[in-house]
Amino acid sequence: MRRLSAPDLTLLQPHLEGRHLGLTTYLEQASVPIDTVDFFESGLGSMVAKLRAEVEAEVGLIGFDGMTGSALVMGEDRSPHDCLFN
């Protein structure tokens, strides 16, 4: 967000909302429609895949240079993985 031009940021500003997230806050849940996109100013997003009911694996990280909701960019409305704030 910091690298956006001033005119682009001005267009987005009315749609942005700052919030503080607690550790392990779910930002996306697998197979649940995505209703927000998050841009991080600090911390990390952890993408977690469920291999089986009792087995999970971290499959990706999102930092200040990324965003949640990448499935939306690909034309889907749901993520195949959970995303938690860490």
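Here, residue 1 is the first one in the sequence, and each next residue gets the next number.
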Within the 4.5 Å heavy-atom criterion, are T36 and E17 side-chain neighbours or not? no

Hey, quick one: are M67 and L16 part of the same hydrophobic cluster, counting side-chain heavy atoms closer than 4.5 Å, chains of contacts allowed? yes

I need the minimum non-hydrogen distance between L44 and G63, along with the two atoms involved. CD2-CA, 3.9 Å

Under 4.5 Å between side-chain heavy atoms, counting indirect links through other Ile/Leu/Val/Met/Phe/Trp/Tyr residues: same cluster for L61 and F40 or not? no

Are the side chains of F85 and T24 in contact, using a 4.5 Å heavy-atom criterion? no

Hydrophobic clusters here meaning ILVMFWY residues chained together by side-chain heavy-atom distances under 4.5 Å, can you tell me if V37 and L9 are in one? yes

Side-chain contact, heavy-atom cut-off 4.5 Å: M47 with L84? no

Can C83 and V48 be said to form a side chain to side chain contact (heavy atoms under 4.5 Å, CB included), step by step? CA-CA 6 Å; C83 181; V48 177; over 6 Å; no

Testing the basics here: between S31 and R78, what is the closest heavy-atom pair and its distance to 0.1 Å? O-NH1, 3.1 Å

For T68 and L27, which heavy atoms make the closest approach, and how far apart are they? CG2-CD1, 3.9 Å

Sub-3.5 Å donor-acceptor pair from the side chain of T10 to the main-chain atoms of A6, do we have one? yes

Hey, does D82 have a side-chain heavy atom less than 4.5 Å from the side chain of K50? yes

Would you indicate whether the side-chain heavy atoms of V59 and H81 approach each other to under 4.5 Å? yes

CD-CG distance between Q13 and D8, expressed to the nearest 0.5 angstrom: 12.0 Å

Walk me through whether R19 and D38 qualify under side chain to side chain contact (heavy atoms under 4.5 Å, CB included). CA-CA 10 Å; R19 61 184 180 147; D38 293 282; 2.6 Å; yes

Pairing of R3 and D65 as salt bridge, 4.0 angstrom limit: no

Ring-ring centroid check F39 F64, cutoff 6.0 Å: no

Does E54 come within less than 4.0 Å of R52, counting only side-chain N to carboxylate O? yes

In terms of hydrophobic clustering (I, L, V, M, F, W, Y; side-chain heavy atoms under 4.5 Å; direct or indirect links), are I34 and L12 co-clustered? yes

Which heavy atom in S46 sits nearest to a heavy atom in N86, and how many Å separate them? CB-ND2, 2.9 Å

